[in-house]
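Notes for the one structure printed next.
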Amino acid sequence: MIRVQEYRPQAFTDFTKDENVKVYQEALAKVRQEIVGKHYPLIIDGQKVDTAERMVSLNPCDTDEVVGTTAAATKEHVDQAIAGAWKAFESWKNWDMDARARILLKASAILKRRRLEACAIMSIEAGKNYAEADVEVAEAIDFLEYYARSAMKYAHFGSAETTWFEGEENGLMWIPLGVGVSISPWNFPAAIFLGMLAAPIVVGNCMVVKPADNAGVIAGFIADIMLEAGLPAGVLQFLPGHGSEIGDAMTGHPKTRFITFTGSVPVGLRIHEVAAKVQPGQKWIKRTVMELGGKDALIVDETADIENAVTSAVQSAFGFNGQKCSAMSRLIVVDDVYDEVVGKVVERAGKLTMGTGEENANVTAVISQKAFKSISEYQKVGAGEGKVLLGGEAPGEHNGKKGNYIQPTIIGDVDRNARISQEEIFGPVVAVFRAKDWQDALDIANSTVYGLTGGVCSNSRERLEEAREKFEVGNLYFNRKITGAIVGVQPFGGYNMSGTDSKAGGPDYLSNFMQLKTVTERW
């Protein structure tokens with residue numbers, strides 16, 4: 001049996017070493033030669049299916065460049081994929097848990113060998129710099145390794161605890177749900193895409209997966225690895241397509257048993273609503289596993305280590321251009337140290353370099369023209385709701401390349417009820433709040449509908465303990481950045497409007513995709 005205790009998170013690459021930069025740049029050259037421009041068809045029942053329409057993925061740092069294309073699924077393809085997945089389920093559900101887990105471990109081994117290629121694809125397709133791409137691929141590998149080992153505790157009858165009763169054998173058995181739909185985001189197009197499909201699959205389900213519209217190349221690369229690892233035909237159905245065309249067809253289908261989604265609150269609530277409506281021929285209540293948005297805050301009080309707080313704030317706010325659901329978009333500083341902390345944050349952020357992912361810039365272009373327009377509008381809104389301390393511009397190009405470039409923007413003295421205080425921006429725009437004291441800071445932190453990540457920089461044990469109980473987030477960090485959850489170390493997921501708190505990468509995550517049967521035999 002594969003043992004849970006063997007799991008260890010992947011180490012990150014040190015890009016301060018010239019030799020690591022060199023091999024990354026070699027991988028970029030290889031990907032440009034072998035993968036950029038590639039087309040990925042649909043995969044239905046193990047067969048490649050092409051379509052007349054193609055989804056085009058653009059380089060956000062050079063929007064004149066097509067990174068690659070995928071086929072575009074229709075509603076008819078959805079019907080075919082779900083039917084095929086149920087057919088595959090009849091045999092897949094009977095595989096030993098060990099056997100299914102070994103496929104994840106084989107996929108992990110392949111991805112480890114091709115780690116730099118996966119990183120390089122995301123530098124080009126998503127604009128990720130070297131470190132951001134590297135930690136994401138490490139997370140993707142971790143999901144495979146962790147879920148393979150976590151599955152072992154669900155493998156046998158009686159593995160869930162019941163109470164002894166004279167004259168009978170009583171036990172619980174875990175059984176897979178059936179066929180699920182996965183709709184994944186563009187901001188972690190390798191790790192979240194892979195984690196959301198691998199977890200249900202390892203415990204016996206079959207998956208129909210729709211990657212983000214503008215991340216089809218890395219998704220196709222990952223899907224190919226899963227098939228190379230030995231997944232039987234039909235267990236994984238790869239269905240890129242327009243959400244407006246196939247989203248409701250996937251989530252509302254009467255044969256869809258469960259849905260796992262990571263993305264925005266409006267889309268998540270729409271999926272939840274569609275899933276809640278029972279369709280003709282449906283014989284179950286659909287289960288939804290949701291990871292939604294955030295309006296994440298870092299509190300800095302007067303007892304904090306100021307330099308550590310500044311580093312934590314800048315890393316949390318501007319890593320991958322603030323395009324993380326866990327990113328710090330609100331900095332809350334008590335009045336006694338407000339000027340010092342905010343001044344140093346502005347100074348540090350002002351030194352961040354702008355450029356492409358391939359150049360390994362600190363700040364690159366945001367993912368799409370749609371995101372660019374939305375974020376630049378929020379820059380204008382913020383300028384009317386506070387004082388622009390840094391940035392505020394959206395140049396849209398850099399060094400002669402047309403792209404979705406947004407300046408890192410910090411807006412000071414913002415009211416807690418302002419739009420930029422309450423609405424998720426999903427870009428490099430930070431609202432800064434002057435709190436009267438610690439209690440006021442905690443009140444501001446809890447003043448939104450979200451509950452994803454948060455942090456406190458303080459040397460007061462009393463305040464840290466109070467925050468542990470009262471700061472309303474699913475992932476809370478003390479005296480460090482509020483991004484970068486590690487699989488198995490910091491199970492990730494929020495509550496309130498931030499999702500169903502399913503805790504991806506946690507010890508009970510796989511149970512979201514299983515159901516329990518109690519079996520009693522009288523002796």
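In what follows, every heavy atom counts, from backbone to side chain, and hydrogens, waters and symmetry copies are set aside.
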Could you go through residues 209-218 and list every donor-acceptor pair under 3.5 Å that involves a side-chain atom there, pairing it with any protein atom two or more places apart or in another chain?
from: Lys210; atom 1: NZ; to: Asp213; atom 2: OD1; distance (Å): 3.2
from: Lys210; atom 1: NZ; to: Gly241; atom 2: O; distance (Å): 3.1

- Message: Heavy-atom count check: over 12 atoms from other residues, nucleotides or ligands less than 6.0 Å from Met55 CE?
- Response: yes
- Query: Quick one: ring pair (Phe, Tyr, Trp, His ring centres under 6.0 Å) pairs with a partner in residues 338-394, sequence neighbours left out?
  - Reply: none
- Message: Please enumerate all residues that pass side-chain hydrogen bond (donor to acceptor under 3.5 Å, both in side chains) together with Glu76, with sequence neighbours excluded.
- Response: Thr74
- Item | Under 3.5 Å: donor-acceptor pair, side chain of Asn321, backbone of Gln323 | no
- Task: Identify, with sequence neighbours excluded, every residue that meets salt bridge (charged side-chain N to carboxylate O under 4.0 Å, His left out) alongside Glu472.
- Result: none
- Task: Could you give me the CA-CA distance, side-chain angles and deciding distance for Arg434 and Asp339, then say whether salt bridge (charged side-chain N to carboxylate O under 4.0 Å, His left out) is met?
- Result: CA-CA 9 Å; Arg434 186 189 299 266; Asp339 292 335; 3.6 Å; yes
- Return yes if some donor-acceptor pair links the side-chain N/O of Asn512 with the main-chain N/O of Tyr509 below 3.5 Å, else return no. yes
- Results of salt bridge (charged side-chain N to carboxylate O under 4.0 Å, His left out) for Asp248 - residues two or more places apart only: Arg270
- Tyr40 ring center near Phe238 ring center (under 6.0 Å): no
- Item | Backbone N/O of Met250 and side chain of Thr256: donor-acceptor pair under 3.5 Å | yes
- Message: Applying ring pair (Phe, Tyr, Trp, His ring centres under 6.0 Å) to Trp186 and Phe426, what does each step give before you reach the verdict?
- Response: CA-CA 12 Å; Trp186 51 261; Phe426 221 72; 5.6 Å; yes
- Applying salt bridge (charged side-chain N to carboxylate O under 4.0 Å, His left out) to Lys402 and not counting sequence neighbours gives Asp64
- I would like to know whether Lys75 and Glu245 meet salt bridge (charged side-chain N to carboxylate O under 4.0 Å, His left out); could you show each step before the answer? CA-CA 7 Å; Lys75 294 177 182 178; Glu245 169 70 19; 5.6 Å; no
